[in-house]
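Presented below is the structure to which this report refers.
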2 protein chains.
Amino acid sequence: MTPSSIPVTATSIVDAIAADLRTRMFSGELTADMPLTETDMATAYNVARPTVKAAIERLVAEGLLVRGLHKTARVAALGPAAVSDIYHSRAYLESEILRRLALMRLVPAEAVAANAEIGRLSEGTPTDLIEPDIRFHLSLIDAVGSDRMSKMYRSLMSEVRLCMNRVQSLGLLAPGLIHAEHEQILRLIAAGKGDAAAALLDDHLGRARERLIKALGGEAGPQADAPTDLLARP
Amino acid sequence: MTPSSIPVTATSIVDAIAADLRTRMFSGELTADMPLTETDMATAYNVARPTVKAAIERLVAEGLLVRGLHKTARVAALGPAAVSDIYHSRAYLESEILRRLALMRLVPAEAVAANAEIGRLSEGTPTDLIEPDIRFHLSLIDAVGSDRMSKMYRSLMSEVRLCMNRVQSLGLLAPGLIHAEHEQILRLIAAGKGDAAAALLDDHLGRARERLIKALGGEAGPQADAPTDLLARP
DNA sequence: ACCTGCACACTTGTTAGACAATATTCAGGA
DNA sequence: TCCTGAATATTGTCTAACAAGTGTGCAGGT
């Protein structure tokens, strides 16, 4: 009796609620700083309070929600400092990955496919770009086959998505330019030029970071975080 | 009224139990594959079952415990494949960090102090080396000032500690050699030679990984994981 | 007008007990 | 021997409740 290739998904209620909250946060239905009271959510989902409590605690561990002792959980309001940290971390992880891929001349097919999808987008569709862009970067990480690296990068990307829902309407993404830069990165990997690929990715993510910070700052977000930038690149 | 520099620590029972379990796992009191039944732990800690349940779920999220649906949680048994993944991930994160530090010629004082502590150890004290060694590597990561990078690396190091309790008695660590390699890494950072520092760290962690895998394999650990190695370094 | 202190409502932390669903174990039969 | 099925153990979830902490608003005094 050979098992089917599609794995059976035994999912608990807590998993389901956490997943639903995630998608609702990514879709922008749950905006930053919105309070998520346990009793309210318990009635809304028709489950007991401990159940939603577990789901909330899981999302807090992921960094998507924030809460203090005896305080109600809120959707994480990622300020400029947090966005800076997230994108710098992305650069740290992914640039090293590019060096390793370049050593092996390994260009993941999934990355090529995702970037081709970006190339087919017209210039006027900013939001549709997010998903294939995430797939592009994730496929590079996944290509090295490290479960932990993939998990860490996915965690960073979930925070990115949380920011993105606030700037979805802004046309700050240029599909053509991004497509070209992605292709250049893949070319450098294929040529074994790890240093150049890492440097280009640094610029690529650095510009995205600056655009995102500017977009978030323009809406007068929470300036509570220390605005001190991380290490400067020469 | 300026707040004191030491932050107030409001800790819940769940936090305390999770912390206690962590230290007991690191100390080797809780060995690999040891089952942690919720009811047993509830009576042992004199708390209700949901409380220990929350603590268990937190440790599962950290990767220190593993559990399936309706199955009792067990201390993670990190096999050769997991150790390989952990150390490769460490190398990915830390080598990129070394490049950034080298660009700024930034040698963290804490790293110097930790390595000096290693230097003062005699050759015959293997277990005392673990703590300052961890401090050395953590201080390098912390020096870039990224909360997320620090958190991710700390997560990896907690898994390392989980392995270490199984090979504590083995004298597979040579303080003199490790001290010398650490000092060489710091020298390369001070000289701005990021590539060389990253390469040396790769060797440093690579050898530690091989020794650890050999030590774990010698005790006939769970060979369940796929033994396929990750990307080879040329 | 401003600050202090207190009572109140709201929310979370934790407990107790219970039932359902699933895993594991072990005994019995083909 | 191997498979089947019941009994046990353990977890998932719920209900109800109390304890403890946070924040708010109001009264009172300076």
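First the proteins, then the strands, lettered A, B, ... as listed; each starts at 1.
Neither side chain, B:Asp202 nor B:Ser95, offers a donor N or O lying under 3.5 Å from an acceptor on the other. No side-chain donor-acceptor contact under 3.5 Å links A:Tyr153 and A:Asp142. With no hydrogens or angles considered, a side-chain donor-acceptor pair links B:Asp15 and B:Ser12 at under 3.5 Å.
A heavy-atom distance below 4.0 Å to DNA chain D is reached by these residues of residues 39-56 of chain A, ordered by number: A:Val47, A:Ala48, A:Arg49, A:Pro50, A:Thr51.
For the pair B:Arg74 CZ and C:dA23 P, the computed distance is 15 Å after rounding to whole Å. Taking atom CG of residue A:Leu36 and atom C1' of nucleotide C:dT11, one finds them 13 Å apart after rounding to whole Å. Remark: P of C:dT12 and CG of B:Asp15 are 17 Å apart, rounded to the nearest angstrom. Here D:dT11 presents its P atom at 10 Å from NE2 of B:His70, a figure rounded to the nearest Å.
Side-chain atoms of B:Thr37 lie closest to D:dT11 of the nucleotides C:dT11, D:dT11, C:dG13. Considering only side-chain atoms of A:Glu38, the nucleotide from D:dT13, D:dT10, C:dG13 that sits closest is C:dG13.
Taking the six-membered ring where tryptophan is involved, the planes of A:Phe136 and A:His182 are essentially parallel, since the angle between them stays under 30° and well short of 60°.
Using modelled atom types, no side-chain atom of B:Ser155 and backbone atom of B:Lys151 make a donor-acceptor pair closer than 3.5 Å. Side-chain atoms of A:Ser146 come within 3.5 Å of backbone atoms of A:Met149 as a donor-acceptor pair (strictly under, hydrogens ignored).
Checking the phosphate oxygens (OP1, OP2) of D:dG23, a side-chain nitrogen or oxygen of A:Lys71 falls inside 4.0 Å. In this structure, B:Arg67 reaches the D:dG12 phosphate: one of its side-chain N or O atoms is under 4.0 Å from OP1 or OP2.
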